[in-house]
A.B. asks: 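Quick one: structure below, then a few questions.
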Amino acid sequence: MNEMNNIEWKKLGFKFFPTKHMFVATCSSEGWKVEGLRPFGNIEISPAAGVLNYGQGLFEGLKAYSGRDSNVYLFRPQKNAERIHNGCKRLCIPPLPLDIFVQAVNEVTKANREYVPPYQEDSIAQGALYLRPVVWGTGPVLGVSPAPSYTFVTYACPVGPYFRSGFECIKLKISDSHHRAAPGGTGGVKAIGNYCVGMMPAKAAKDEGFQEILYLDAKDNRYIEEVGAANFFCIKGNRLYTPNLDGCILPGVTRSSILHLAKHEFGMEVFEQKISVEDILDCDEAFASGTAAVITPIGSVQHQQKEIVINNSEPGTVSKKIYKMLLDIQHGITDDKYNWRSVVE
Ligand code: PLP
Ligand code: COI
């Protein structure tokens, strides 16, 4: 029997669990070259590697899903390919060709097919195979300048929901003293260095009983940006709001899919705009979105001494409706009207 059948995904969360195969491509002065699949394992790089000294690196995250029909699906991998391509430009990495990215995620999924968690009717308990493409400046540099060579690796790991609560409300804390991104910085790309800066405030918030930080903008300390490594949404009546992509916010694939579904499937009015803390005082529902977070409802937000409780700390009906449609598309249950799914063959 497939050992993936015996795992309780909801409890596993995002714990590292190695799978058998990874995909490698390299880039020298001659450009990008596919090395192909190899056994998952350590790689050797110079201590002077650009990524180790100056953080020249980007990562991606997407999932392979078991369909109800026994196919394995990827969800909009082209979008992740475009995002890493753009991120490469920002970090002076030779842009990774889109077709190499798409080849990598398909081959790694196929090679690690036995680790794709099985389809389960209870969508909240569902697991997926998380694919982690990363690109690093691996050539040696001493001065602050782009590395002379690069390595792109994609590995895979079976996961459950990032917030182990699944579709239950999380409690967030607004940070007054820490920011995730700054105007002109790298918040709009998945630079590896964006993530370690959040570890200290997130740990402090977790120690106080919150699940994550809700970050405000660095300029006015007033406008909502992101929920840790997930996008923020709130709902008022038939209106769905999310912060506009001003360079400090990661353009989430889930974010763009939710905006599309809300507008075209549920007839909602959607707004990408600045959202202040005061704006959420009277919202009906709020949630975080991302590949890892899927859609995680937000039950309360602590701001200074005040607790903003949203929808009685219960998951909202509109959030649930969007969540269900998104999962149904990802798991091959509903029609793929927008061509978002691809079968891994
Ligand atoms: N925001 C940040 C900072 C992230 O790291 C992620 C995860 O990739 C997201 C939002 C959600 O993006 P996506 O929906 O593409 O996973
Ligand atoms: C994702 O949703 O794929 C992310 O990148 C979040 C990750 C940092 C755990």
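Read the numbers this way: they start at 1 and go in the same order the structure lists the ligands and their atoms. Side chains included, hydrogens not; waters and symmetry mates left out as well; all remaining heavy atoms used.
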A.B. asks: In terms of residue, atom name and distance, what is the protein heavy atom nearest to atom 9 (C) of ligand 2?
C.D. replies: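 The closest heavy atom on the protein side is Y162 CE1, 3.5 Å.
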
A.B. asks: Working to the nearest 0.5 Å, report the span between CG of L172 and CD1 of I213.
C.D. replies: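 CD1 of I213 is found 8.5 Å from CG of L172.
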
A.B. asks: Measuring from the heavy atoms of K190, does anything fall under 4.0 Å of ligand 2?
C.D. replies: yes

A.B. asks: Hey, which residues fall under 4.0 Å of ligand 1 on heavy atoms?
C.D. replies: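 Those residues closer than 4.0 Å to ligand 1 by some heavy atom are R83, R180, K190, Y195, E226, G228, A229, A230, N231, L250, G252, V253, T254, S289, G290, T291.
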
A.B. asks: Taking V343 as the starting point, is it possible to reach Y119 by hopping between hydrophobic residues whose side chains are less than 4.5 Å apart?
C.D. replies: no

A.B. asks: Check for me, please, whether V153 and L52 land in the same ILVMFWY cluster - side-chain distances under 4.5 Å, paths through other members count.
C.D. replies: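 Looking at the clustering, L52 is in the same group as V153.
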
A.B. asks: For the pair Y195 and F59, evaluate ring pair (Phe, Tyr, Trp, His ring centres under 6.0 Å) and give the outcome as yes or no after the intermediate values.
C.D. replies: CA-CA 10 Å; Y195 294 81; F59 72 94; 4.7 Å; yes

A.B. asks: Does any N or O of ligand 2 fall below 3.5 Å from an N or O anywhere on R132, backbone included?
C.D. replies: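 For ligand 2, there is no N or O atom that lies under 3.5 Å from one belonging to R132.
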
A.B. asks: Quick check on contacts: which atoms of ligand 2 are under 4.0 angstrom from a heavy atom of Y130?
C.D. replies: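 In order of number, 1 (C), 3 (O), 4 (C), 5 (O).
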
A.B. asks: Should E265 and K337 count as side-chain neighbours, where that means a heavy-atom distance under 4.5 Å?
C.D. replies: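 They are in contact (side-chain heavy atoms under 4.5 Å apart), so the answer is yes.
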
A.B. asks: Give the minimum heavy-atom separation between H179 and L216, together with the two atoms involved.
C.D. replies: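 Minimum heavy-atom contact is ND1-O, 2.9 Å.
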
A.B. asks: Are Y323 and V294 side-chain neighbours, meaning at least one heavy-atom pair lies under 4.5 Å?
C.D. replies: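 Heavy-atom side-chain distance check passes, below 4.5 Å.
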
A.B. asks: Flag A292 as yes when one of its N or O atoms lies below 3.5 Å from any N or O atom of ligand 2, and as no otherwise.
C.D. replies: yes

A.B. asks: So how far is it from C234 SG to D279 CG, rounded to the nearest 0.5 Å?
C.D. replies: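 Reported to 0.5 Å precision, the distance equals 7.5 Å.
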
